[in-house]
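Okay, so here's the structure we're looking at.
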Amino acid sequence: MSADAAAVVSAIAAAASAVLTLIAVVIAAATLIGARKDAQRATAQAETDRREDLRPYLTPELERELLTHGTLNLVIKNWGRTAARDVQVAFTPPPPTDLVSLPDSDMMTWLYEAYAKPITLWPPRWRMTNVYRAGQDETAPVSLKITYEGPDGHQYEDDFTLDPAPLLKTTASSPSDPSTSDPGARQEAWLKRIARGLEALTRTMR
């Protein structure tokens, strides 16, 4: 092989080696970038999972009131594992500027007053109960927005609409009556009914 041919072959070999090296570098860089993105996604997902696991979670629901027929309570409870801060409850439509203009028979008056100011701290499992319906013939669904801050400073905002109609149409269940041959059981059930009635009366008078 002549010197010129050998030089050409050597140049081709060097060029091929450079191309292969460049391809290897590109593949390595792409792999590194992909691994870094996967790590970032895993870290972000772990942070999201941690926040969801430890976050406060405030939800409202309507409950039957045992004291009077047709009476419902609006209950808001923190089902989460941590306390919520700066809890604000906003109703739609919003309350009038002057609550005195609402009649005392309007249960929304007491709800507006109960949540007129932000609640500084709402511990886990803590609940607030207010009468929402006190035997009125008609009650429209209640819409509300709950905003609050988690222990890590993360802000939460949830919208809810609760319709009382399905709850009012259901039949309230009650435990079976104790045997009439057991006076002790009858007395215990009677005392439990009185206690439940007193608790309901206390909630109604708040």
Side-chain angles (χ1 to χ4, degrees), residues 1-64 72-95 108 111-112 114-130 132 139-167 169-170:
M1 179 182 295
S2 65
D4 291 339
V8 170
V9 171
S10 177
I12 292 174
S17 177
V19 170
L20 291 175
T21 301
L22 179 60
I23 292 174
V25 170
V26 171
I27 293 175
T31 302
L32 180 61
I33 292 173
R36 184 173 298 174
K37 288 183 177 180
D38 289 341
Q40 290 174 345
R41 282 194 293 266
T43 301
Q45 185 61 48
E47 176 63 21
T48 299
D49 293 342
R50 185 193 68 81
R51 178 181 293 127
E52 288 298 315
D53 185 51
L54 297 177
R55 64 164 287 186
Y57 197 81
L58 274 66
T59 59
E61 62 179 342
L62 296 175
E63 288 185 353
R64 284 181 176 272
L72 299 178
N73 292 323
L74 173 64
V75 180
I76 300 179
K77 182 175 179 179
N78 181 5
W79 295 94
R81 297 172 57 185
T82 54
R85 301 179 183 278
D86 192 24
V87 180
Q88 301 180 56
V89 180
F91 294 91
T92 302
M108 293 301 296
L111 284 173
Y112 293 148
Y115 297 105
K117 297 180 180 179
I119 298 172
T120 305
L121 186 69
W122 196 306
R125 303 300 174 183
W126 190 58
R127 54 185 274 163
M128 281 186 64
T129 302
N130 298 89
Y132 167 63
T139 300
V142 56
S143 297
L144 61 154
K145 175 183 293 184
I146 305 178
T147 58
Y148 50 95
E149 181 180 300
D152 58 355
H154 189 78
Q155 295 289 330
Y156 298 94
E157 180 178 292
D158 299 297
D159 293 286
F160 303 92
T161 297
L162 307 176
D163 187 356
L167 186 61
K169 291 177 181 178
T170 59

What do the steps show when you test I76 against W126 for side-chain contact (heavy atoms from CB on, under 4.5 Å), and what is the final call? CA-CA 8 Å; I76 300 179; W126 190 58; over 6 Å; no
Is R55 close enough and on-axis enough to Y156, meaning under 6.0 Å and within 45°, for cation-pi? yes
So, for [X] and [Y], which heavy atoms are closest and what is the spacing to 0.1 Å?
X    : Y    : answer
L121 : R85  : CD1-NH1, 3.7 Å
Y148 : L58  : OH-N, 3.3 Å
P56  : A83  : CG-O, 3.8 Å
P141 : P164 : CA-CD, 3.9 Å

Between [Y] and [X], is there a side-chain heavy-atom distance shorter than 4.5 Å?
X   : Y    : result
R81 : P124 : no
V87 : I146 : yes
P60 : L74  : yes
L62 : V75  : no

Are E61 and R127 within salt-bridge range, i.e. N to O under 4.0 Å? no
Distance (rounded to the nearest 0.5 Å) between [X] [atom1] and [Y] [atom2]:
X    : Y    : atom1 : atom2 : value
D163 : S143 : CG    : OG    : 9.5 Å
Q88  : K145 : CD    : NZ    : 11.0 Å
T82  : D152 : OG1   : CG    : 8.0 Å
N73  : L111 : CG    : CG    : 9.5 Å
N78  : T59  : CG    : OG1   : 8.5 Å
E157 : E149 : CD    : CD    : 13.5 Å

Classify the ring geometry of Y115 against W122: parallel below 30°, tilted from 30° to 60°, perpendicular beyond 60°. parallel
Verdict with supporting geometry, L72 and R64, side-chain contact (heavy atoms from CB on, under 4.5 Å): CA-CA 5 Å; L72 299 178; R64 284 181 176 272; 4.2 Å; yes
